[in-house]
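The structure under discussion appears below in the form of structure tokens.
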Amino acid sequence: MSFVAPIQDMRFVMRELADLEGVLALPGLEEVTEDIVDAVLEENARFVQDVLAPLNRKADESPAQWEDGRVTTSPGFREAFSTFAQGGWQGLPHPTELGGQGFPKLVSAAVGENMNAANLAFSLCPLLTDGVIEALSTVGSREQQQRFIPPMLEGRWTGTMNLTEPQAGSDLALISTRAVPQEDGSYRISGQKIFITYGEHDMAENIVHLVLARTPNAPEGVKGISLFIVPKFVVDENGVLGPRNDVWCASLEHKLGIHGSPTAVLLYGSGKGEVGEGAVGCLVGEENRGLEYMFIMMNAARYAVGVQGVAIAERALQQAESYARERIQGRALEGADGPVSIAHHPDVQRMLLTMRGLTEGARALAAIAAAARDRALWHPDEAQRVRDKALYEYLVPVVKGFSTEMSVEVASLGLQVHGGMGYIEETGAAQYYRDARILPIYEGTTAIQANDFIGRKVLRDGGAVVAALAAQMRETISGLQQAPAGDAHADGMALIGRQLAMAVDAFEQASRYVLDNARERISAVFLGSVPYLQLAGVVLSGWQLARAAQASLAYLSGGGADAFHRRKLGTAVFYAAHVLPRAQALAASIIEGNVAQSYARDVVLPQ
């Protein structure tokens with residue numbers, strides 16, 4: 001089926017939940033009006049629907065090809081990337097002083113979601129390029145910014161992130177790639193990097209690799225890692241491309257999904273280029289601060305991968321809903337003259353509403369995080385910037401971890417809605433499941449996000465952000481309890497209020513356990529780190545859907561009668577009844593960690 005960008009829901013989330021009006025009023029964003037935002041969303045919808053979406057299935061069936069170090073991307077990708085570049089999409093979220101368009105993250109996140117939903121494999125290239133631009137615009141020298149950023153903004157060059165090595169996956173202290181300083185101030189890089197997304201391709205003139213490596217006298221461990229720019233083609237001081245650098249694509253990985261995205265094994269310093277042995281690179285910032293710098297790119301990518309989770313869930317949802325309305329099978333439980341579409345069957349409705357609730361709740365949560373990021377950058381009050389920075393940093397691992405795990409669940413439910421036909425590749429539903437499965441692994445597994453969530457976000461401030469969020473959620477609960485008793489939707493709103501109250505109780509109880517036990521029972525706490533992250537995602541998404549229900553009820557009570565607001569209200573009620581109760585079970589699994597941990601090691605590591 002064809003993809004339709006969900007811009008009506010995006011507009012609703014931006015305006016009713018994420019305070020688009022307030023974001024656009026921030027200093028530096030005054031020229032971006034709501035009309036301009038609408039125009040961007042409409043144009044983006046046309047681009048992704050007409051250009052990217054038709055290539056999605058084709059790329060799955062015709063992956064990128066490697067031959068003698070060169071990579072040919074899937075049919076149509078080069079032309080699509082040219083259209084992408086000409087449309088100025090790469091520069092949308094980046095500063096105007098560097099040549100970008102300076103749109104708020106709240107808008108660029110929606111645009112990114114549409115691109116990823118239309119074609120996840122294609123969109124990984126711009127995603128990584130965004131991260132390189134953000135890293136260099138933050139810690140690169142002025143000369144590096146002027147030399148490397150404009151061509152990436154223009155779509156002439158792309159960017160990659162080079163961390164992983166065969167022996168160094170999540171433990172980057174084991175990185176062994178070497179960077180030897182030269183008399184002219186450059187460095188010669190040698191080593192092997194794996195899992196490099198779009199590490200080699202034919203869509204752009206040049207590729208800007210950001211590479212983690214060690215200098216000769218660097219300290220051991222993560223304190224001795226530096227960051228280097230290593231372009232595919234050497235770039236002179238005027239930005240002119242020179243000889244082929246000593247960066248060689250040794251092979252492409254054969255993957256479960258995202259077949260259109262070339263995942264490269266890169267060899268640095270194998271003598272394959274035109275510059276002698278050793279890839280020519282330049283140091284970013286100071287030596288031995290590379291991991292700190294790379295985290296700028298990693299955090300940007302983590303949020304973006306969370307948005308990818310929302311995107312693939314939306315694509316799977318649209319496919320499943322369309323199939324359920326067209327597939328005639330069985331008779332309605334209430335009785336019918338003949339067979340009905342499977343959308344009439346209660347369990348299919350349960351699956352579709354679970355898919356919709358998880359997708360729309362995660363989308364709203366990502367938008368709330370994006371708006372916090374915008375306020376952290378542009379709000380005139382410093383104290384407010386500090387609060388929003390803390391909120392954004394708290395939400396990033398939730399957006400990444402919860403949204404990507406959610407996408408696998410939603411894609412799996414999409415297969416189930418199709419029945420046996422879902423397991424057949426021709427229907428297309430299986431691709432979404434295969435594509436989604438990498439997302440909880442990309443840019444740090446869910447456990448890495450959860451450990452960061454507890455260690456750096458919850459414990460660091462003593463649970464201050466948790467307490468602030470709980471207080472806001474209780475305000476929403478209070479508002480839900482004040483809904484008019486005679487309203488046609490009173491029972492639904494009361495249900496949302498009850499379930500959200502119990503979910504917030506569970507959230508607070510689990511948070512207290514984490515705060516009280518992290519020092520003396522650290523293994524028990526971290527045994528529940530992923531459940532705790534999922535608990536936060538379930539509850540915070542449910543909160544946003546509750547707010548959406550309030551806004552929709554206000555619209556309907558005011559005389560509005562469109563299907564969108566009725567559907568939004570119904571989705572919120574279903575989520576409260578069928579998904580929010582997960583909070584109590586997740587909290588119980590966390591709080592019982594003391595006893596469970598005493599057995600876990602013996603079971604997994606028997607004597």
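In what follows, residues are counted from 1 in the order of the sequence shown.
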Among residues at least two apart in sequence or on other chains, which ones pass salt bridge (charged side-chain N to carboxylate O under 4.0 Å, His left out) with Glu292?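 Arg289.
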Partners meeting salt bridge (charged side-chain N to carboxylate O under 4.0 Å, His left out) with Glu21 (sequence neighbours left out):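 Result, salt bridge (charged side-chain N to carboxylate O under 4.0 Å, His left out) vs Glu21: none returned.
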Can you name the side chain to side chain donor-acceptor pair (under 3.5 Å) partners of [X], sequence neighbours left out?
X	result
Asp374	none
Arg214	none
Ser541	none

Tell me, which pairs form a side chain to side chain donor-acceptor pair (under 3.5 Å) where one or both residues lie in residues 227-248, sequence neighbours left out?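 Applying side chain to side chain donor-acceptor pair (under 3.5 Å) to every pair that reaches into residues 227-248, excluding sequence neighbours, yields Glu200-Lys232.
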Please list all pairs meeting salt bridge (Lys or Arg N to Asp or Glu O under 4.0 Å) that have one or both residues in residues 110-119, counting only residues at least two apart or in different chains.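 Applying salt bridge (Lys or Arg N to Asp or Glu O under 4.0 Å) to every pair that reaches into residues 110-119, excluding sequence neighbours, yields Glu113-Arg363.
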Considering only residues two or more places apart or on different chains, which pairs with a residue in residues 80-96 satisfy salt bridge (Lys or Arg N to Asp or Glu O under 4.0 Å)?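 Every pair satisfying salt bridge (Lys or Arg N to Asp or Glu O under 4.0 Å) with a residue in residues 80-96: there are none.
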With a 3.5 Å cut-off and sequence neighbours excluded, list the donor-acceptor pairs that the side chains of residues 46-55 form with protein atoms.
{"residue": "Arg46", "atom": "NE", "partner": "Glu43", "partner atom": "OE1", "Å": "3.2"}
{"residue": "Arg46", "atom": "NH2", "partner": "Glu43", "partner atom": "OE1", "Å": "2.6"}
{"residue": "Gln49", "atom": "OE1", "partner": "Ala5", "partner atom": "N", "Å": "2.8"}

Report the residues that fulfil ring pair (Phe, Tyr, Trp, His ring centres under 6.0 Å) with Phe233, sequence neighbours left out, ordered by chain and then residue number.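 If we apply the ring pair (Phe, Tyr, Trp, His ring centres under 6.0 Å) test to Phe233, skipping adjacent residues, there are no hits.
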Going by atom type alone, with no hydrogens or angles, which donor-acceptor pairs under 3.5 Å involve a side-chain atom of residues 96-110 and a protein atom two or more places apart or on another chain?
{"residue": "Gln101", "atom": "NE2", "partner": "Gly88", "partner atom": "O", "Å": "2.6"}
{"residue": "Ser108", "atom": "OG", "partner": "Lys105", "partner atom": "O", "Å": "3.3"}

Residue pairs, two or more places apart or on separate chains, that pass ring pair (Phe, Tyr, Trp, His ring centres under 6.0 Å) and touch residues 107-142: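 Output for this query lists Phe77-Phe122.
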